Amino acid sequence: MCAIMGYTAADIPLSRLENAFSAAKSRGPDGSRSLALPGGSLLFHRLAIMGLHPEGMQPFTAPDGSAVVCNGELYGFRQMKRELEAKGYAFSSGSDCELLLPLWREYGEDMFDKLDAEFALILYDAPTGSFVAARDPVGIRPLYYGYSSSGRILFASEPKCLLGLADRIMPFPPGCFYRDGRFVRYRDIAQVDEVCHDSLDAVCANIREKLILAVEKRLDADVPVGFLLSGGLDSSLVCAIAARLLGRPIETYAVGMSTDAIDLKYARQAADHIGSRHHEIYITEEDVLSALDQLIYILGTYDITTIRASMGMYLLCRAIREQSGIRVLLTGEISDELFGYKYTDFAPSPEAFQAEAVKRIREVHMYDVLRADRCISANSLEARVPFGDLDFVRYVMSVDPARKVNVYNKGKYLLRRAFAGDCLPSSILQREKAAFSDAVGHSLVDDLKAHAERVCGADWRDRAEQYAYHAKPFTKESLLYREIFERHYPGQAAMVADFWMPNREWEGCDVDDPSARVLSNYGASGE
């Protein structure tokens, strides 16, 4: 990953900013640097992924005094670098982010929409004295902002860096840049200007081609790359594509509860098919409960689904960090938001399905994307998300929703059909989504619920009332998470839009638990 921070004034001592920024040190354990600027400062923690030499350390600076810090990956940067060198720019490192200041000088604010990247950056433009911040259109890389007591804006990769510096902390909106007091949207990745009416064969061919390219881009790293493999459709596809592209065994990792690890069976089946070097990690109820408080602090959320699904991923990534040299992990997030969940089978119309997808994609940075980022970066690793590829997201969002709704009696039909053949065994390719909280096991959720029953007494509804102003807890489990969140992030609940839940307005979806297990169409999905 990497961590960035910036302040647009000089009234807070740099030492105080550095102390606050140290909360995100796990994102970049390979080195730290601060840069005082006229009227502000930039701070950086480095996780060296591209351009491993010292010259790749940030902030990058330009002869005119401009500077930039970025947590990101710029795909296709080598071709851009050659083009910039032809225009007279010189580079001293192998880092992709070194291109940002020359790109800014060439294109200004138009630069952001030209990037094929997942990024968050803060840039100081010396000629104008402006601080500029921006974030990728999906929000793969995190960025938060708040205002100091003097009313000047601060930015940081994680909200915990802004605690005590800003009264109200909010996520930086994806697909936007900030400059001179204004947030400007440069791209709304969920907006469809023209519906794609390609044939079924053409849609599936495009999905296949674009996902393969998305995976291929994300294999480029100067450090070892690994893969999270749950045994479900999405992560299995990413792994199968990567194994075929690389032409050698890849390193795959799976996690399961020690009491009901049937999910590991599917991960092992996929691993055997693609010939990966497969690693299994078992976790226990004790592991889960002892990590809960720290996990909520790491995540910065009280959302039920995010916390449940993060537990296995966090503990797995901790084991990967301790037991291997892997530094980059590819994951299967964002497929559900694009192709549908179990609950979107209840969508009353294609238009309703599309509206739900738009909502989920616009908010995914607060849920599944946040989960992957924090669980992985907390263990000093980098996450890459092929399903979040900009071209892939843009295309799938544009596909006629009448083709995306489940009229095939098989969820994610388009994705499955796109990769029908020898890419994966039918048992994986056609397997229905299981509510294993990211393929960890039903017992994990049951253990958390039982813990909430023990901790939250009969007065839980009265205790929940104090949070009625935003995202009021509605179960003992949700209250437990909210109370832990408030201890770490007092008064900051608005950082998250609400609880991630099925659309209660749809028939069959008015439920009090986000798990697909409570839906009538779940059936034998978890067997």
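Bear in mind that the values here come from a model prediction, so they are computed numbers and not experimental data.
Side chain of K160 to backbone of G300: no donor-acceptor contact under 3.5 angstrom is found. Side chain of D30 to backbone of A48: a donor-acceptor contact under 3.5 angstrom is found. Distance alone, capped at 3.5 Å, places no donor-acceptor pair between the R268 side chain and the A254 backbone.
Taking the side chain as every heavy atom from C-beta outward, N406 and T344 never approach each other to under 4.5 Å. In this structure, T252 and H279 have side chains that are not in contact, with every pair of non-hydrogen atoms separated by 4.5 Å or more. Side-chain contact between R327 and E382: absent, with no pair of heavy atoms (C-beta onward) separated by less than 4.5 Å. Side-chain contact between T305 and Y367: absent, with no pair of heavy atoms (C-beta onward) separated by less than 4.5 Å. For the pair R504/C509, no side-chain contact is recorded, criterion being any heavy-atom separation below 4.5 Å from C-beta on. R371 has its side chain out of reach of Y314: every pair of non-hydrogen atoms, C-beta onward, lies at least 4.5 Å apart. Within the 4.5 Å cutoff, the side chain of E158 has heavy atoms near those of the S377 side chain. Y467 places a side-chain heavy atom less than 4.5 Å from the side chain of E486.
At a cut-off of 3.5 Å, with distance as the only test, no side-chain donor of S380 or S26 sits close to an acceptor on the other residue. Side-chain atoms of S235 and S230 include a donor-acceptor pair closer than 3.5 Å. A side-chain donor from one of S427 and Q269 sits under 3.5 Å from a side-chain acceptor of the other. Side chains of Y253 and E280: a donor-acceptor N/O pair is absent below 3.5 angstrom, by distance only. No hydrogens or angles considered: a donor-acceptor pair under 3.5 Å links the side chains of Y75 and E118. Inspection of the S443 and D446 side chains reveals no N or O donor paired with an N or O acceptor under 3.5 Å. In this structure, a donor-acceptor pair under 3.5 Å is present between the side chains of T331 and E333.
Other residues, nucleotides and ligands place no more than 12 heavy atoms under 6.0 Å from the CG atom of N409. Heavy-atom contacts from other residues, nucleotides or ligands closer than 6.0 Å to NE2 of H53 number 12 or fewer. For E18, the CD atom sits in a packed shell: over 12 heavy atoms of surrounding residues, nucleotides or ligands are nearer than 6.0 Å.
Under the 4.0 Å criterion applied to side-chain N and carboxylate O atoms, R360 and E356 are assigned as salt-bridge partners. Salt bridge annotation for D136-R141: absent, with no cationic side-chain nitrogen under 4.0 angstrom from a carboxylate oxygen. Checked for salt-bridge contact, R463 and E465 miss the test: no charged N lies under 4.0 Å from a carboxylate O. Under a 4.0 Å N-O distance rule, the pair R394/D389 does not qualify as a salt bridge. E477 and K449 are not joined by a salt bridge, as no carboxylate oxygen comes within less than 4.0 angstrom of a charged side-chain nitrogen. Between K359 and E363 there is a salt bridge, with a side-chain nitrogen of the basic residue lying less than 4.0 Å from a carboxylate oxygen of the acidic one.
Ring-plane geometry between Y413 and Y408 is classed as parallel, the angle between the planes falling under 30 degrees on a 0 to 90 degree scale with a further cut at 60. Using cut-offs of 30° and 60° on the angle between ring planes, the pair W506 and Y343 is tilted. Taking the six-membered ring where tryptophan is involved, the planes of H488 and Y297 are tilted, since the angle between them lies from 30° to 60°.
Closest non-hydrogen pair, R244 versus C423, comes out as NH2-CA, 4.0 Å. P171 and R135 get closest at one heavy-atom pair: CB-NH1, 4.4 Å. Contact record, M50 with A221: SD-CA, 3.4 Å, taken as the closest heavy-atom pair. Residues P29 and R321 come closest through the heavy atom pair CG-NH2, 4.4 Å. What you find for L43 and V69 is that their closest heavy atoms are O-CG1, 4.0 Å.
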Steps toward side chain to side chain contact (heavy atoms under 4.5 Å, CB included) verdict (I49, R384): CA-CA 12 Å; I49 300 296; R384 295 187 180 176; 3.4 Å; yes
Taking it one step at a time, do S310 and L295 satisfy side chain to side chain contact (heavy atoms under 4.5 Å, CB included)? CA-CA 8 Å; S310 293; L295 179 65; 4.0 Å; yes
For the pair C2 and R27, evaluate side chain to side chain contact (heavy atoms under 4.5 Å, CB included) and give the outcome as yes or no after the intermediate values. CA-CA 5 Å; C2 289; R27 300 186 69 90; 5.9 Å; no
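Across D447, D513, D368, a single residue satisfies salt bridge (Lys or Arg N to Asp or Glu O under 4.0 Å) together with R308, and that is D513.
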